[in-house]
*Asks:* 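Below are the structure tokens for one structure; questions will follow.
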Amino acid sequence: MTSPSGPADNALHSRVGVVAHPAKARTTDALAALRRATRRRGWPEPIVLTTTVAAPGAEQVVDLLGRGVDRIVAVGGDGTVREVAGALSRSGRAAEVVSLGVVPVGTANLWARTAGLVAADLDAAVEVALDGTPQDSDLAGVTLTRPDGSTRSLDVLVVAGVGMDAEAFASTADRAKERWGWAAYFAALARQAVGDPWIVQVRLDGAVPQQDSVRSILVGNCRVLPLGVPLMPSASMTDGRLDVLTVAPRTTLGWLGVFGGVLGRRRGGWTGLRTHRTRHVILELEAPRAVHVDGDPMGEAIRLEFGVTTGAVLVRSGSAGETARGAADDAVTVLLPDNDRDLSALARAVAQRRGWSSHHGREQIVRDAFLALRGPDLTRFKSLLNSGHDHRDLEHLVFDVIDDEGVRSDILTHIAAQAALVEVPDLHVLSDIDDTLRCALHDDRYPRGTVYPGVVALYRALDAGHATTPEAPGDLTFVTARPMDPAGLIEQHTRRGLAELGLPPHAVLSGTFEGLRTHDSMASAKLENFRRFRALMPETHVVFIGDSGQGDIEVGRRMLASDAEAVRLVLIHDVVAMALEERNALRSEGIVVVDSPVGGAMEAYAAGLASAAGLASVVAATERDVARIAWDSPEQEKATTALVERDLATARTAYPAGS
């Protein structure tokens, strides 16, 4: 459908039909404002029809169209607007020429908020309803299957929900809504916070169903709640898609993440919120659950099937209605690559943009930037994102900033397809920090905080690979169980601690607060980081460097089990004096235990992962760094230098410089 600007817009005597909910407190004032506005224009008196319980709006639309109106105005809440919009969308030719205006006088007015209409000033709302810009608007629909097998099909104006939020709507009395307004909904929702999750099968656009454990699922185009609280920040009524929001906190404390995610426009990760964008979705529930449509309780259902009709109704909206997409379009020339695009500038533009998740159009731009790159350009672009100076790196962009899992899937699928074309994989180093880079927890051989002698040179030798120069920046990533807070402050602290060590460009993959509980949970957090890394950089081979004190042996073991072809070497820095028998057993699994970075460099050289020049640089750096350590005691110095000197002697003898 196109948005006409023909006779209906330019008519001197437009005929306005009104469908009004008579029980709303502000309906009388809204009708008075409408009559004043039509008189000012010299138009005939509006034809006003009121709704009833038996006829909530659709019949009135049919009546008004029969009387020849060219504008219909809905005065009421979301339920009234839904009835009017649905009836108008099914009116045939009239849906293409008769516009719908809305004067919101309901409790929440979610449609009006998403469309950018002002509900507080009735005169301003009337002006938009009569003469706002005509814009094709989508309309969703849902078919509910009841526990007894019967079905019911309904229009969805803003959002439909199943689970906790529907239970909250059902438990909110009309008297409470009249007295407290939208606050009554939030109070009821808070009472539903304590409860058990339930299982649902989610099928998006015909894909394989995915099972999920959730508290609530919402489907629709509801961008904001009252007070401007962003529910579905990427929602749009003009893109032919629906937003699917799952609410799945893991624990009672997880609700803090949900609230933080909603208020901070964040989805995924620690928030307990996940989003998808789709044209068609089927929800199969394990047991009947309460359902609401646009805040109206609809009883229980066992299955819900959603679809969307693009451009179903011609809506008059204000200029603020969907401006975010325009802002995103302005950024296209900055972000979308072309044949002459500077990849460094592109990476900076992507990394430095804040608030990408505030609108789906912006996420699409980021996706298009990835999809336009191929082969070495894509690998270099990803490495450049990882070589920045703050937490806004590749992993943060794809897994945290991007809310839409469909957009994320597009990016990861393209990355995987391009990786399959790489003939000679680059080498990437994944490294722990504590007791691997510097003495921190279990190692008493060095003064606390000491950066291990030669370790920075080891990272550089591995970054360069067997050649004498590195092929790409950003080939070093620190994998840590340290948590990532919403603002990235903890990760920034970690980065500041690494900034002045002379390391190659690097990224940091953080964990969660839950991952700090035990060594096993720390190992699991690091392994999850490894899985994310492999999804982002599947064209690389990996060296993992950890220590023997924090579960890194188990991390290395699981890495080898999950992706043995990609993991070329697992180096474990021994900080607990492991027995020789244990070391030999680990080596048989592919896990090599060393006492110093020099030992690690010898293993990397023997495996063809570092050059002779790289090994020589580690030897020279170790000799220099050991001499600079301020030891805690003579005994500590004697014992540790003897250990390091043993590795140095082996390196000098077995791998003389230049061999």
Side-chain angles (χ1 to χ4, degrees), residues 427-446 448 450-452 454-455 458-459 462 476-483 494 508-512 514-534 540-607 609-610 618 640 643-644 646-647:
L427 187 67
H428 201 108
V429 180
L430 300 180
S431 176
D432 183 40
I433 298 175
D434 296 331
D435 286 348
T436 302
L437 169 65
R438 56 158 54 96
C439 179
L441 297 173
H442 302 282
D443 193 355
D444 59 4
R445 299 172 306 167
Y446 291 87
R448 187 62 55 89
T450 299
V451 175
Y452 291 114
V455 71
L458 173 60
Y459 292 136
L462 288 168
L476 170 62
T477 297
F478 289 102
V479 181
T480 173
R482 297 177 184 179
T494 300
V508 177
L509 294 182
S510 300
T512 64
E514 186 177 353
L516 296 177
R517 293 181 302 165
T518 64
H519 282 178
D520 186 66
S521 63
M522 292 172 72
S524 296
K526 292 177 183 178
L527 189 67
E528 176 60 28
N529 281 336
F530 172 68
R531 293 193 182 103
R532 286 191 172 192
F533 171 80
R534 291 300 298 154
T540 64
H541 281 168
V542 173
V543 172
F544 174 63
I545 307 177
D547 66 85
S548 58
Q550 300 182 66
D552 287 344
I553 291 174
E554 184 59 26
V555 173
R557 184 177 285 128
R558 295 183 193 178
M559 284 183 178
L560 289 166
S562 66
D563 203 346
E565 289 188 10
V567 181
R568 296 289 305 279
L569 182 63
V570 175
L571 287 175
I572 297 295
H573 182 217
D574 186 13
V575 297
V576 295
M578 297 173 63
L580 179 60
E581 295 79 5
E582 188 176 2
R583 291 189 179 205
N584 290 337
L586 288 172
R587 184 178 282 271
S588 69
E589 297 182 45
I591 300 171
V592 180
V593 181
V594 297
D595 292 305
S596 71
V598 174
M602 287 189 286
E603 295 288 349
Y605 178 76
L609 303 177
V618 177
T640 304
L643 197 64
V644 174
R646 186 194 64 194
D647 282 350

*Asks:* Which atom names give the shortest non-hydrogen contact between Thr436 and Asp432, and what distance separates them?
*Replies:*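 Shortest heavy-atom separation between Thr436 and Asp432 comes out as OG1-OD2, 3.3 Å.
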*Asks:* So do the side chains of Arg568 and Leu609 get within less than 4.5 Å of each other, counting heavy atoms only?
*Replies:* yes
*Asks:* May I ask you to test the Leu586-Ile572 pair for a side-chain heavy-atom distance under 4.5 Å?
*Replies:* no
*Asks:* Looking at every heavy atom in both Pro597 and Val618, which two are closest together, and how far apart are they?
*Replies:*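 Looking at all heavy atoms of both residues, the shortest contact is O-CG1, 3.9 Å.
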*Asks:* Hey, which of Arg534, Arg558, His541 is the one that makes side chain to side chain donor-acceptor pair (under 3.5 Å) with Asp563?
*Replies:*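 Looking at Arg534, Arg558, His541, the match for Asp563 under the side chain to side chain donor-acceptor pair (under 3.5 Å) is Arg534.
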*Asks:* Measure from the side-chain N and O atoms of Asp435 to the backbone N and O of Ala440, and report whether any donor-acceptor pair falls under 3.5 Å.
*Replies:* yes
*Asks:* Taking the basic N atoms (NZ, or NE/NH1/NH2) and the acidic carboxylate oxygens, is any pair closer than 4.0 Å for Glu603 and Arg587?
*Replies:* yes
*Asks:* Side chains of Leu427 and Thr540, heavy atoms from C-beta outward: is any pair under 4.5 Å?
*Replies:*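 SC-SC contact between Leu427 and Thr540 ruled out.
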*Asks:* How close do Met602 and Asp647 get, heavy atom to heavy atom, and via which atoms?
*Replies:*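 The pair with the smallest heavy-atom distance is CE-O, 3.7 Å.
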*Asks:* Say you draw a straight line from NE2 of His442 to SG of Cys439; how long is it, rounded to the nearest 0.5 Å?
*Replies:*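 Reported to 0.5 Å precision, the distance equals 10.5 Å.
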*Asks:* side-chain contact (heavy atoms from CB on, under 4.5 Å), that's the test. Do Ile553 and Met578 meet it? Break it down for me.
*Replies:* CA-CA 12 Å; Ile553 291 174; Met578 297 173 63; 4.2 Å; yes
*Asks:* Start with the C-alpha gap between Asp574 and Val594, add the side-chain angles, then the distance that decides, and say whether side-chain contact (heavy atoms from CB on, under 4.5 Å) holds.
*Replies:* CA-CA 6 Å; Asp574 186 13; Val594 297; over 6 Å; no
*Asks:* Any heavy-atom pair between the side chains of Ser596 and Tyr452 that's under 4.5 Å?
*Replies:* no
*Asks:* Does the side chain of Asp443 reach to within under 4.5 Å of the side chain of Leu441, using non-hydrogen atoms?
*Replies:*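 Asp443 does not reach Leu441 side chain to side chain.
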*Asks:* Should Leu560 and Glu589 count as side-chain neighbours, where that means a heavy-atom distance under 4.5 Å?
*Replies:* no
*Asks:* Using salt bridge (Lys or Arg N to Asp or Glu O under 4.0 Å), reason through Asp595 and Arg583 one step at a time and then give a plain yes or no.
*Replies:* CA-CA 11 Å; Asp595 292 305; Arg583 291 189 179 205; 2.6 Å; yes
*Asks:* Between Phe544 and Leu571, does a side-chain contact (heavy atoms from CB on, under 4.5 Å) hold up when you go through it step by step?
*Replies:* CA-CA 6 Å; Phe544 174 63; Leu571 287 175; over 6 Å; no
*Asks:* Does a side-chain heavy-atom distance below 4.5 Å link Leu569 with Val592?
*Replies:* yes
*Asks:* Assess whether side-chain contact (heavy atoms from CB on, under 4.5 Å) is satisfied between Val570 and Met559, documenting all intermediate values.
*Replies:* CA-CA 9 Å; Val570 175; Met559 284 183 178; 5.5 Å; no
*Asks:* Could you pull out the closest heavy-atom pair between Ile591 and Gly556, with the gap in Å?
*Replies:*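 Distance-wise, the nearest heavy atoms are CD1-C, 4.4 Å.
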*Asks:* What's the spacing between Ile545 CD1 and Leu430 CG if we round to 0.5 Å?
*Replies:* 9.0 Å
*Asks:* Take His573 and Ser548 through the test side-chain hydrogen bond (donor to acceptor under 3.5 Å, both in side chains) and record every step on the way to the result.
*Replies:* CA-CA 6 Å; His573 182 217; Ser548 58; over 6 Å; no
*Asks:* Do Phe533 and Val542 have side chains that approach each other closer than 4.5 Å (heavy atoms only, starting at C-beta)?
*Replies:*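 Touching, per the 4.5 Å side-chain cut-off.
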*Asks:* Do Phe478 and Tyr459 have ring centres separated by under 6.0 Å?
*Replies:*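 Ring centroids of Phe478 and Tyr459 are less than 6.0 Å from each other.
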